[in-house]
Amino acid sequence: MASNINLSLFLLLFLAHYAFVNGDATLIKSTCKNTKYYNLCFSSLKSNPSSPNADTKGLAVIMVGIGMTNATSTSSYLSSKSLTPTNNNTLKSVLKECADKYSYASDSLQASVQDLANEEYDYAYIHITAAKDYPNVCHNAFKRVPDLVYPHELASRENGLKHICDVAMGIIDNLINL
């Protein structure tokens, strides 16, 4: 009988912990509701296997990680494009500059993860804002050269990173208001 009570108590505590600490669709929905891009937020977080175990801060970290993946992937993409044989040294130079900027964006996002861990939400916000701005520098590098066309693929990646950063900042706003 005592073991049944202990088992029942354990299950009750476990379920209570799970219900109040772990993120679920309700937490994800309520968190994403306060972001600029609800659908991006919800689909990104819902599809991430770490989300069910995350609190709001954990959801912010997951979203920042998605941004880091985007920035790193874009940097690699641009680096490979800059290595493609071409006689246009200006294009190579701009692609290299852009690859560097997306790498800096990834570094800024990595710094924001540490800020989130330290509950320094204002610094996390600043780092994410910087990461969001680095693609503008890349875009402007293309604008400085009249004959260069800003590639559609790069424009899509730029918008993706900016939207991801907006979502991460919206989640941090939720943390500040808790």
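Remark: Y150 OH is packed, more than 12 non-hydrogen atoms of other residues, nucleotides or ligands lying under 6.0 Å away. Counting non-hydrogen atoms of other residues, nucleotides and ligands closer than 6.0 Å to NZ of K57 gives a total above 12. Around atom OH of Y38, more than 12 heavy atoms belonging to other residues, nucleotides or ligands sit under 6.0 Å away.
To the nearest 0.5 Å, atoms CD1 (I126) and CD1 (I172) are separated by 10.5 Å. For the atom pair OG1 (T74) and CZ (R157), the distance works out to 4.5 Å, reported to the nearest 0.5 Å. Here the NZ atom belonging to K46 is positioned 14.5 Å from the CG atom belonging to N39, to the nearest 0.5 angstrom. How far CG of D173 is from CE of M169: 8.5 Å, rounded to the nearest 0.5 Å. The structure places CZ of F42 at 9.5 Å from OG of S51, a figure rounded to the nearest 0.5 Å. For the atom pair CG (D115) and CG (L109), the distance works out to 11.0 Å, reported to the nearest 0.5 Å.
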List the steps, then state whether salt bridge (Lys or Arg N to Asp or Glu O under 4.0 Å) holds for K162 with D166.
CA-CA 6 Å; K162 287 179 176 183; D166 280 335; over 6 Å; no
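In this structure a side-chain-to-backbone donor-acceptor pair under 3.5 Å is present from N140 to N136. In this structure, S108 contributes its side chain and I128 its backbone to no donor-acceptor pair below 3.5 Å. Formation of a donor-acceptor pair under 3.5 Å by the S44 side chain with backbone atoms of C41 is not found in this model. With hydrogens and angles disregarded, no donor-acceptor distance shorter than 3.5 Å links the side chain of S103 to the backbone of A99. S106 places no side-chain N or O within 3.5 Å of a backbone atom of Y102 that could act as its donor or acceptor partner. Although no hydrogens or angles enter the test, the distance criterion places no donor-acceptor pair under 3.5 Å between the side chain of S73 and the main chain of N70. With S75 contributing its side chain and T72 its backbone, the two residues share no donor-acceptor pair below 3.5 Å. For the pair S156 (side chain) and H152 (backbone), a donor-acceptor distance under 3.5 Å is present.
Looking at heavy atoms from C-beta onward, F142 lies in side-chain contact with L154 at the 4.5 angstrom threshold. I66 places a side-chain heavy atom less than 4.5 Å from the side chain of M63. Residues Y125 and H127 form no side-chain contact, since every pair of their non-hydrogen atoms from C-beta on lies 4.5 Å or further apart. The closest side-chain heavy-atom distance from L175 to L116 is below 4.5 Å. Counting heavy atoms from C-beta outward, E97 and K101 have side chains that approach closer than 4.5 Å.
Connection of L148 to L78 is established within a shared hydrophobic cluster, with ILVMFWY side chains joined at heavy-atom distances below 4.5 Å, either directly or through further cluster members. Follow the hydrophobic side-chain contacts under 4.5 Å out from V167 and you reach L45 in the same cluster.
Salt bridge annotation for K81-E153: absent, with no cationic side-chain nitrogen under 4.0 angstrom from a carboxylate oxygen.
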